[in-house]
Amino acid sequence: MKAAYITGHGGNEVVLVGERPMPERRSGEVLVRIRAATLNRVDLYMRDSGAGITHRLPQIMGLDGAGVVEDVDANEPLLRPGQRVLLHPGISCGRCEFCARGEGVLCTGIGYLGEHRDGTLAQYVALPARNVFPMPEGFSFEEAAALGVNHLTAWRMLFSKAQLKPWETVLIFGISGGVSLAALQLAKWAGARTIVTSREDAKLQRALALGADHAVNGAREDVDKAVLALTGGRGVDVVIENVGAAVWASAMKSVVRGGRIVTCGATSGDQPPADLRRIFIRQLQILGSTLGDLHEMAQLLQAVQRGGIRPVIDSTWALDEVHGALSRLEAGAQFGKLAISLPQ
């Protein structure tokens with residue numbers, strides 16, 4: 001089968017597109033023919049370093065994906081050959097203390113597609129049936145693929161971690177990335193007021209067109225001062241943040257007393273000043289979050305189907321064009337998801 005895979009670490013030159021062995025489907029697993037996947041920041045991390053992630057080279061890239069069931073156990077009750085499906089990329093052990101209490105995303109032995117095991121930038125992938133979900137009706141494969149990481153991550157951040165209420169205000173940093181755009185869509189669906197940031201006016205205008213209530217250009221304005229002005233000096237209830245060190249101080253100053261900051265990334269650095277006095281005096285809640293559980297995926301799919309939420313696709317690339325797509329992601333030039341179409 002054809003796939004995009006890394007042979008080492010250090011840039012686009014280690015990413016090859018070529019033939020890899022077909023995955024072997026085991027009992028309890030589903031073989032899915034992938035029709036589309038989307039790129040995530042971790043694809044750049046795996047290409048450039050992969051440090052701290054246990055993997056073997058060559059490694060097929062790609063976390064999320066959508067396609068068609070190719071083969072499945074005859075007694076599988078929910079899935080059938082030919083069915084259009086999307087994937088949850090976290091393969092948990094099902095036996096540790098966290099899995100036992102329904103928190104598979106905290107599993108001590110969790111393995112992610114594209115990180116610990118071969119991923120979705122391939123014509124086929126095999127994974128447990130519990131990680132395969134029917135696609136929402138009317139979705140393209142590219143849109144469905146985009147739900148499996150970014151929208152799932154945003155769902156857990158907003159609703160499981162922050163416990164967002166309809167009357168609250170949310171500040172979302174970096175409104176061109178997948179998680180940030182997903183957070184905007186889901187927060188608006190929930191009825192919340194939203195403030196978004198970017199360093200580019202064009203991206204802010206597109207976010208306003210998607211329903212953002214206010215937009216702040218971080219290249220020209222102090223974000224925290226602008227946020228306080230927009231909230232009458234109060235601050236926001238929830239901050240959604242995946243940038244890290246570059247915006248951490250603004251995030252801390254923008255949130256109301258007793259407010260919540262939820263973080264899922266550190267693309268600009270992972271060692272910001274903690275500002276502990278602000279945290280305990282203002283009784284702030286700092287919440288870490290990654291991906292989401294299987295039950296949260298089911299909740300998300302119901303919400304997007306009923307709420308008319310559609311992921312924003314920046315552009316679609318052929319598998320042979322993966323280097324160009326990775327370069328666009330690295331440059332931060334995208335607005336929404338970069339989709340990869342797999343050959344059929």
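Numbering of residues begins at 1 and proceeds along the displayed sequence.
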So, for [X] and [Y], which heavy atoms are closest and what is the spacing to 0.1 Å?
{"X": "T194", "Y": "A187", "answer": "CG2-CB, 3.8 Å"}
{"X": "Q185", "Y": "P311", "answer": "OE1-CA, 4.2 Å"}
{"X": "S341", "Y": "T316", "answer": "CB-CG2, 4.1 Å"}
{"X": "V304", "Y": "L301", "answer": "CG2-O, 3.3 Å"}
{"X": "T197", "Y": "F173", "answer": "OG1-CA, 3.3 Å"}
{"X": "M1", "Y": "I60", "answer": "CE-CD1, 3.7 Å"}

Below 4.5 Å, heavy atoms only, C-beta onward: do [X] and [Y] meet side chain to side chain?
{"X": "L210", "Y": "I175", "result": "no"}
{"X": "Q344", "Y": "L342", "result": "yes"}
{"X": "S27", "Y": "D73", "result": "yes"}
{"X": "L291", "Y": "H88", "result": "yes"}
{"X": "I34", "Y": "F141", "result": "no"}
{"X": "Q83", "Y": "V132", "result": "no"}
{"X": "S315", "Y": "L338", "result": "yes"}
{"X": "R220", "Y": "D201", "result": "yes"}

Hey, are [Y] and [X] close enough side-chain-wise for a donor-acceptor pair under 3.5 Å?
{"X": "D224", "Y": "S254", "result": "no"}
{"X": "K203", "Y": "S198", "result": "no"}
{"X": "E200", "Y": "S176", "result": "no"}

Short side-chain to backbone donor-acceptor contact, [X] and [Y], under 3.5 Å:
{"X": "T169", "Y": "D237", "result": "no"}
{"X": "Y5", "Y": "L121", "result": "no"}
{"X": "D293", "Y": "G104", "result": "yes"}
{"X": "S49", "Y": "Y45", "result": "no"}
{"X": "S180", "Y": "G174", "result": "yes"}
{"X": "R84", "Y": "F139", "result": "yes"}
{"X": "Q334", "Y": "G336", "result": "no"}
{"X": "D213", "Y": "I195", "result": "no"}
{"X": "R25", "Y": "E29", "result": "yes"}
{"X": "E241", "Y": "W248", "result": "no"}

Give a yes or no on whether [X] and [Y] share a hydrophobic cluster (residues Ile, Leu, Val, Met, Phe, Trp, Tyr; joining criterion: side-chain heavy atoms under 4.5 Å apart).
{"X": "M297", "Y": "L186", "result": "yes"}
{"X": "V247", "Y": "M157", "result": "no"}
{"X": "L31", "Y": "V125", "result": "no"}
{"X": "L300", "Y": "V105", "result": "yes"}
{"X": "I261", "Y": "L276", "result": "yes"}

Does [X] have any side-chain contact (heavy atoms from CB on, under 4.5 Å) partners at least two apart in sequence or in another chain, and if so, which?
{"X": "A183", "value": "A154, L158, I172, I240"}
{"X": "R278", "value": "M252, K253, D275, R282, L284"}
{"X": "L57", "value": "I6, H9, H55, Q59"}
{"X": "D43", "value": "L39, N40, M61, L63, L326"}

Give a yes or no on this: more than 12 heavy atoms of other residues, nucleotides or ligands lie within 6.0 Å of atom [atom1] of [X].
{"X": "K165", "atom1": "NZ", "value": "yes"}
{"X": "Q283", "atom1": "CD", "value": "no"}
{"X": "R306", "atom1": "CZ", "value": "no"}

Let me confirm one number: the [atom1]-[atom2] distance from [X] to [Y], rounded to the nearest 0.5 Å.
{"X": "F133", "Y": "L78", "atom1": "CZ", "atom2": "CG", "answer": "10.0 Å"}
{"X": "E103", "Y": "S92", "atom1": "CD", "atom2": "OG", "answer": "11.0 Å"}
{"X": "R117", "Y": "T54", "atom1": "CZ", "atom2": "OG1", "answer": "14.0 Å"}
{"X": "L204", "Y": "F335", "atom1": "CG", "atom2": "CZ", "answer": "8.5 Å"}
{"X": "E115", "Y": "I53", "atom1": "CD", "atom2": "CD1", "answer": "4.0 Å"}
{"X": "N242", "Y": "T153", "atom1": "CG", "atom2": "OG1", "answer": "9.5 Å"}

Subject >> From CA spacing to verdict: side chain to side chain contact (heavy atoms under 4.5 Å, CB included), R328, D314 >> reply: CA-CA 10 Å; R328 183 169 175 80; D314 173 88; 2.9 Å; yes
Subject >> CA sep, side-chain torsions, deciding dist, call: N150, K337, side chain to side chain contact (heavy atoms under 4.5 Å, CB included) >> reply: CA-CA 9 Å; N150 289 165; K337 296 295 289 178; 2.8 Å; yes
When you check the gap from the basic side-chain N to the acidic O, do [X] and [Y] get nearer than 4.0 Å?
{"X": "R310", "Y": "E143", "value": "yes"}
{"X": "K161", "Y": "E296", "value": "no"}
{"X": "D118", "Y": "R20", "value": "no"}

**OP:** Going by the salt bridge (charged side-chain N to carboxylate O under 4.0 Å, His left out) test, name the single residue among R234, R193, R260 that passes it with E168.
**Re:**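 Checked R234, R193, R260 against E168; only one passes salt bridge (charged side-chain N to carboxylate O under 4.0 Å, His left out): R260.
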Original post:
Given the rule in the side chain to side chain contact (heavy atoms under 4.5 Å, CB included) test, do R41 and V179 qualify, once you have shown the distances and angles that lead to the verdict?
Top reply: CA-CA 10 Å; R41 295 295 305 187; V179 171; over 6 Å; no
**OP:** Report the C-alpha separation of V72 and R80 in whole Å, then their side-chain angles, then the decisive distance to 0.1 Å, and conclude whether the side chain to side chain contact (heavy atoms under 4.5 Å, CB included) test is met.
**Re:** CA-CA 7 Å; V72 64; R80 64 186 185 279; 5.6 Å; no
Subject >> For H295, ring pair (Phe, Tyr, Trp, His ring centres under 6.0 Å) partners two or more places apart >> reply: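 Testing H295 for ring pair (Phe, Tyr, Trp, His ring centres under 6.0 Å), a comparison that skips the adjacent residues, returns none.
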Subject >> With sequence neighbours excluded, residues passing ring pair (Phe, Tyr, Trp, His ring centres under 6.0 Å) with W155 >> reply: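 Expected list: F159, W189.
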